[in-house]
Amino acid sequence: MTSLSQEEENYVRMSLLLTGISPRATRTFFDKEIAPVCLEATLKKEYNKLLDLKKKHIINQSQWNLLFPRFPDVPASKTFDITLMITLLRNLTPYGGFDCLPAAAVISKGADLARLKYYRNYLAHLEDGKVEGTDFNTAWDTISEAIERLGGQQMKYECDQLRTKILDQTNKEIMLDIKRSNDEIHELKQSLVSLEKSHEELKADHADMKKHTRYSNMAMQK
């Protein structure tokens, strides 16, 4: 198997941090704020607010099905991903207010949720599957400290272990597969942009042709 560069390894570690430990920390905090025994009642009480979020495409249909599953199933945070949990916390509890990366000096649960969301989106939009050393160190410190405040000291210990542990073959292969998938998605997006551009050009040519034909017919009638 092709070995990873340091920047690619940084990407793997951050991915494992944001897809493994980060959701668990968020879920720990989520269950404290909206207790599992109260979750169904809370969601029903806030139905109209949640429906408005769905109409605005902040909550998608798959997430909606998790919030309001068919009887006899009941909603459970263990089925929620980090995006859905953060959306609920920011809209149903007093932990909203951040739509971008908060300043380092701002320490609050809302700010920590925003940090996890920011870096999750940051990683998702990296097209080359690489994280430079300085960016990695800054991001890791920010994320792991937020995880500690949301999930406790044990999870911070797990972050510290993940930062230096030797990555096994499975981790590398999984992340390389993700990188290849991201490359394919990027290529598809580029193809879509090209197709849309070609379609617009064809529409413009067709409009010009119709206009030219109309003028020609008018000239012949004269």
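Across all their heavy atoms, Cys159 and Ile21 have their closest contact at N-CD1, 3.8 Å.
Clustering ILVMFWY residues whenever any of their side-chain heavy atoms sit less than 4.5 angstrom apart, transitively, puts Trp140 in a cluster other than the one holding Ile107.
Looking at residues two or more places apart in sequence or on another chain, you find a side chain to side chain contact (heavy atoms under 4.5 Å, CB included) between Ala139 and Met14, Tyr119, Ile143. Under the rule for a side chain to side chain donor-acceptor pair (under 3.5 Å), the partners of Gln6 that lie at least two apart in sequence or sit in another chain are Asn10. Applying the salt bridge (charged side-chain N to carboxylate O under 4.0 Å, His left out) rule to Glu40 yields the partners Lys44; only residues at least two apart in sequence or on another chain are considered. Every ring pair (Phe, Tyr, Trp, His ring centres under 6.0 Å) that Tyr95 has, sequence neighbours left out, goes to Phe29. Asn137 pairs by the side chain to side chain contact (heavy atoms under 4.5 Å, CB included) definition with Arg163, not counting sequence neighbours. For Lys109, there are no side chain to side chain donor-acceptor pair (under 3.5 Å) partners, not counting sequence neighbours. Checked against side chain to side chain donor-acceptor pair (under 3.5 Å), Asn91 has no partners two or more places apart in sequence or in another chain. For Lys56, the side chain to side chain donor-acceptor pair (under 3.5 Å) partners at least two apart in sequence or on another chain are Asp52. With sequence neighbours left out, the side chain to side chain contact (heavy atoms under 4.5 Å, CB included) criterion links Lys49 to Glu46, Leu92.
Glu7 is not listed as a side-chain neighbour of Val131, based on a closest heavy-atom distance of 4.5 Å or more. Looking at Leu88 and Thr93, their side chains never come closer than 4.5 Å, going by heavy atoms from C-beta outward.
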- prompt: Please walk me through it: do Thr28 and Leu150 pass side-chain contact (heavy atoms from CB on, under 4.5 Å)?
  reply: CA-CA 7 Å; Thr28 298; Leu150 293 170; over 6 Å; no
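Not one N or O on the side chain of Arg115 forms a donor-acceptor pair closer than 3.5 Å with the backbone of Leu101. Looking only at distances, a side-chain donor or acceptor of Glu8 sits under 3.5 Å from a matching main-chain atom of Ser5.
Distance CG/Leu123 to OH/Tyr11: 5.0 Å, rounded to 0.5 Å. In this structure, CD1 in Ile86 is found 14.5 Å from OH in Tyr118, a value given to the nearest 0.5 Å. Distance CD1/Ile59 to CG/Leu50: 5.0 Å, rounded to 0.5 Å.
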Name each donor-acceptor pair under 3.5 Å that joins a side chain in residues 65-84 to protein atoms two or more places apart or in another chain, with its distance.
residue, atom, partner, partner atom, Å
Asn65, OD1, Gln61, NE2, 2.9
Asn65, ND2, Gln61, O, 3.4
Ser77, OG, Asp31, OD1, 2.8
Ser77, OG, Asp31, OD2, 3.4
Thr79, OG1, Ala76, O, 2.8
Asp81, OD1, Thr83, N, 3.3
Asp81, OD1, Leu84, N, 2.8
Thr83, OG1, Arg120, NH1, 3.2

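Residue pairs meeting the salt bridge (Lys or Arg N to Asp or Glu O under 4.0 Å) criterion with at least one partner in residues 147-158, sequence neighbours excluded, are Arg24-Glu158, Asp112-Arg149, Lys156-Asp160. The stretch residues 143-166 participates, sequence neighbours left out, in no ring pair (Phe, Tyr, Trp, His ring centres under 6.0 Å) pair at all.
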